[in-house]
Every structure is written in C-alpha cells, then in structure tokens.
Amino acid sequence: MTKEGFKSGFVAIIGRPNVGKSTLMNHIVGQKIAIMSDKAQTTRNKIQGVYTTDTAQMVFIDTPGIHKPKHKLGDFMVKSALSTLREVEVIYFMVNAMQKLGPGDEFIIDKLQSVVGETPIYLVINKIDKVHPDYLMGFIDEYRQLLDFTEVVPISALEGNNVQNLLSITEKQLSEGPMYYSEDQVTDHPERFIISELVREKVLELTREEIPHSVAVTTDKVRQENDGEKIHVMATIVVERSSQKGIIIGKQGSMLKQIGTKARKDIEILLGSKVYLELWVKVQKDWRNKELYLNDYGFNKDEY
C-alpha cells in the first residue's frame, strides 16, 4: 500500500552518444548498473535504474545514444531510445558542455518537439566542472532558441555536482503514485544481463579501438558452487571476426585473463559473493545485421 503523498514516475535520459547518461544513472542509484565507456554507443538496451526515498520513487530509463544507424543493431538502438518519449513523466535531454551543438542534438530536438507541452523536458548540461561559468550562458541560450525547456539544470554526473538539486526538481514534477519496485531494488534487469554488461565494459575498456561495437556478451551460467563459498559464472564473448577473437584472447590468453580479473571484481560487488568467472570467446560473423542473433544476445525488438 502506497503511503499518502508518495510520488512516483518514470524519467527518460536521452541524448547523443557519450554525453554521460550512464554515469548519471549509476551515480543516482549508487552502484554500477549501466556500463561506462568513452566509446560512443555503449548502452544498447533501455536500462532501468530505480531511485527511492521516503517521499518518492523515480524509475530512470537510460536510453542508447541517438545516432545515425549503420546496421540493424544501430537501428534497434535508435528506435529503442525514441520509443521512451511518450512513456515517461519527465525527459532529461542530456548534453555535454564541452561539445558544441551539432546535427545530432538538432535531430533529437526535432524528435522532442512532438512531446513539447505533453511531457516536461529538462535540458541537463553535463561536465560543467570542465568549462568556465561565463561560457555556460551562451551555451544555454543556443539550446533555448531551439526548444522551450521546462528546466535547465547544469550538473557534473561524475562528481555529483547539482545532481541532488536535479532530483529535487524532478520530484516536484511527479504526481502521487505507487511504489513500482521494492525500496531496496536499484534495477529491473536480471543479474545475468548486468553481468554480461560488466564483462562487455571491460572488453571495451581494455581493447580500445581494436574491438569496436562488434562485441556482445551472454551470461550462460550463474551457479552456487558446492562448497557454498563461490558463485560459478560462465560467460561468452561474441565477436564478428577471427582476428577480433585473437585480440580478445591475447598472447597466451593474457588479454582474456585481464578482462576476467577486472570483470570478476565488479561481479563480486554485484552478487555480494566470491566469484569464479569462466570466459569463452566465439566468432559469429556479421551478427549485428541478423535478427536471429540480435534476439539471442538480448536485443529483442518486440520489447520496444
């Protein structure tokens, strides 16, 4: 039973690739549920993060960065992001203070025009710690000329600057409603999905430009060991070419070992237990353009 005066609602975080959407959501919920990378288009699914206080519950949808699609996976990502616009109570249009307004922003603003007056749209300017305050005024004016934003909120997602103020303003915008998730829940995604994302993050981090977005990860097994002290996790890293498989495995398995060591630490935090992580690498040619494999790797168009 929801207590009187309790507010709740859904918030979409939308923006160009690599503006800090996942960083903001991870900061809000207090732990890593969305992977962070300096490579564009890291987030592929709409990841829901849940933030609950005594007075409100906000469910954040971290959408894939909107970009011009080059393959079916890219098309899926953009449709996934745009489909959230009419499903939420508030939209955060997130921009990077260090990037000039470009065609990608104008494309998103054009899509946002369809919900102006229906859904409150906040211009959330990230990385304000990296620019001079005087610069921000002109930056804001440029965006305001293109769209009538409900609020303009400068923040630093990484440092947490002004994030609490953003949450307070958002709560005022919400109506009374139920608690959709239990108060200790921070995401609606199953553990296996997050484990896969944590492994994929380490692949992106350690292989840099050598392995772009032609990598997927599936978590095949999560099982308590007989001794009860460790959880056995088995995951498969999927790439498109044999040469990429060689890069991920590395000389005498050195790269795969690094990926596993780093990923295991994050998975142990997630599961609250010691973990034995077993990683395999598989080649699946051109998987990003084949719907069968997109479905297998968690990109199900029927969900959007």
Side-chain angles (χ1 to χ4, degrees), residues 1-15 20-36 43-64 80-94 112 115 117-124 126 149-151 153 155 157-158 160-198 219 222 266-267 269-273 298 300 302-304:
M1 183 177 172
T2 304
K3 58 187 175 183
E4 191 176 345
F6 190 85
K7 292 184 169 186
S8 63
F10 289 75
V11 181
I13 308 175
I14 202 163
K21 299 184 296 293
S22 297
T23 307
L24 174 61
M25 193 165 69
N26 288 338
H27 179 87
I28 288 170
V29 303
Q31 73 182 69
K32 185 182 289 185
I33 60 169
I35 74 171
M36 294 184 288
T43 302
R44 287 183 180 160
N45 300 67
K46 295 188 294 187
I47 298 174
Q48 295 198 164
V50 185
Y51 174 75
T52 308
T53 66
D54 290 339
T55 55
Q57 183 173 84
M58 302 175 206
V59 183
F60 290 90
I61 303 173
D62 172 25
T63 62
S80 171
L82 294 175
S83 73
T84 65
L85 297 184
R86 296 189 182 277
E87 301 171 2
V88 297
E89 278 68 44
V90 178
I91 296 168
Y92 292 173
F93 173 35
M94 198 164 176
L112 290 173
V115 293
E118 294 177 29
T119 309
I121 304 169
Y122 295 3
L123 178 65
V124 178
N126 191 26
F149 294 99
T150 310
E151 299 278 356
V153 188
I155 66 161
L158 190 62
N161 299 353
N162 212 34
V163 172
Q164 200 55 51
N165 180 45
L166 173 64
L167 294 172
S168 299
I169 294 168
T170 305
E171 182 176 332
K172 289 175 185 173
Q173 198 81 59
L174 302 179
S175 303
E176 285 192 28
M179 189 180 286
Y180 294 102
Y181 299 96
S182 62
E183 55 190 312
D184 59 347
Q185 190 170 345
V186 296
T187 183
D188 73 336
H189 269 295
E191 287 175 342
R192 284 181 180 232
F193 173 86
I194 300 173
I195 289 168
S196 296
E197 288 291 272
L198 292 174
T219 299
V222 180
D266 279 354
I267 295 167
I269 293 169
L270 174 71
L271 300 181
S273 172
N300 187 347
D302 294 336
E303 292 177 8
Y304 299 93

From CG (L166) to OH (Y122), nearest 0.5 Å: 7.5 Å
Shortest non-hydrogen separation from Q164 to Y51 and the atoms involved: NE2-OH, 3.5 Å
Rounded distance (nearest 0.5 Å) linking atom CG of N126 with atom CG of L24: 7.0 Å
Ring geometry between F60 and Y92 (parallel below 30°, tilted from 30 to 60°, perpendicular above 60°): tilted
Polar side-chain atom of S196 near backbone of T219 as donor-acceptor pair, under 3.5 Å: yes
side-chain contact (heavy atoms from CB on, under 4.5 Å) evaluation trace for V88 with V11: CA-CA 6 Å; V88 297; V11 181; 5.9 Å; no
Other residues, nucleotides, ligands: >12 heavy atoms within 6.0 Å of E118 CD: yes
Contact summary for Q57 and T52, nearest pair of heavy atoms: NE2-OG1, 2.9 Å
Distance (rounded to the nearest 0.5 Å) between F93 CZ and I14 CD1: 8.5 Å
Interatomic distance, S22 atom OG to H27 atom NE2 [nearest 0.5 angstrom]: 14.5 Å
Spatial distance of atom CE (M94) from atom CE (M25) [nearest 0.5 Å]: 11.0 Å
Contact summary for G20 and A157, nearest pair of heavy atoms: O-CB, 4.2 Å
Nearest-0.5 Å distance, CD of residue E89 to NZ of residue K7: 12.0 Å
Any donor-acceptor N/O pair, S8 side chain to P178 backbone, under 3.5 Å: yes
Main-chain N/O of I121 paired with T150 side-chain donor or acceptor, under 3.5 Å: yes
